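Let me begin by presenting the structure, written as structure tokens, before commenting on it.
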Amino acid sequence: AARAMLEENALGKAGSEVLVEEFLEGEELSVLALTDGEHFAILPPAQDHKRLQDGDFGPNTGGMGAYCPVGVATPALLRVVAEEIIAPTLRALKAEGAPYRGVLYAGLMIRPDGSPAVIEFNCRFGDPEAQAILTAMPAGLLPVVRMIAEGGWMPSGVTLGETRHAAVTTVLAAAGYPDTPVAGAEISIPDDLEASGEILLFHAGTTRGADGRLRVSGGRVLGVTAVAPTIEEAAQKSRVAADAIHFEGKQFRRDIGWRELA
Ligand code: GLY
């Protein structure tokens, strides 16, 4: 990676300087907090799967799948995340004159000793985490989101951490993803795939051409999300649905949620 960036100019100017950081081992956890700048509520966390291939092998991607809820996200861990990561970050933003409203996404690594380390923050929902989180949550998020967007304050004591069922999202990626995704392949989706209400397809890298046919237009093509009472059932349904969608060069992981099941 260093050679590609520094010698081969793989990332252009953005890769001309390299920062070497501590290598973090453990389980990834995406913790999203909804905040009005003062108060916040933590959404049910999700686990992303960044590597392209089963078993967490292959190149890093934007995310090949996610599931929610996550067993490693215990109430005790989320208290630590709230008190030691989310709250101080919001306080610091405010102190610097940049109070933040919206979704604060903390990308964490939960170390083997159970302590969380921050890898990154994002000012948005995660992809594919959002597909799993929002599908697993009970209805009722929209009024809170609207209130925050319109400048209001969150009602005190609002909690958003509950799930009503398990959700697993399997990402279908284009041929060549992540380095050189190939666009143009025609996508075929069985008509009844979403009929049961247990499967939801989230379109990302898709487009409808002048001929009306659905085609691949980006690296991560579709988020195939399944809901079920357990992660195991949701993972199986998501995998079966992912199998039933076809386009040339389709890539996807068959093991989303494997750490939870192990
Ligand atoms: N899945 C990682 C992200 O949305 O940044």
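Numbering of ligands and ligand atoms starts at 1, following listing order. Quick caveat, the model's predicted, so the values are computed rather than measured. In what follows, residues are counted from 1 in the order of the sequence shown.
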>> With a 6.0 Å cut-off (strictly less than), is the heavy-atom count around CZ of Arg111, excluding the residue itself, greater than 12?
In response: yes
>> Given Phe202, which partner from the list Val171, Leu134, Thr135 fulfils the side-chain contact (heavy atoms from CB on, under 4.5 Å) test?
In response: Thr135
>> Using a strict threshold of under 4.0 Å (side-chain N to carboxylate O), is an ion pair present between Arg254 and Asp243?
In response: yes
>> Within the 4.5 Å heavy-atom criterion, are Arg101 and Asp36 side-chain neighbours or not?
In response: yes
> Going by the order shown, which atoms of ligand 1 are within less than 4.0 Å of some heavy atom of Asn122?
Replying inline: 5 (O)
>> Can you tell me which portion of Tyr105 lies within the under-4.0 Å heavy-atom range of ligand 1? Options are side chain, backbone, both, or neither.
In response: side chain
> Which of the atoms of ligand 1 are close to Gly126, meaning less than 4.0 Å from one of its heavy atoms?
Replying inline: 4 (O)
> Between Gly62 and ligand 1, does any nitrogen or oxygen pair lie at a separation below 3.5 Å?
Replying inline: yes
> Which of the numbered atoms in ligand 1 are below 4.0 angstrom from a heavy atom of Asp48?
Replying inline: 1 (N), 2 (C)
>> Using a 4.0 Å cutoff against the non-hydrogen atoms of Glu129, which atoms of ligand 1 qualify?
In response: 1 (N), 2 (C), 4 (O)
>> Can you report which non-hydrogen protein atom sits closest to atom 5 (O) of ligand 1, along with the distance?
In response: Arg124 NH2, 2.8 Å
> Is the shortest distance from a Lys or Arg side-chain nitrogen in Asp255 or Arg259 to a carboxylate oxygen in the other one below 4.0 Å?
Replying inline: no
> Is Ile85 close to Phe121 at the side-chain level, that is, under 4.5 Å between some pair of heavy atoms?
Replying inline: yes
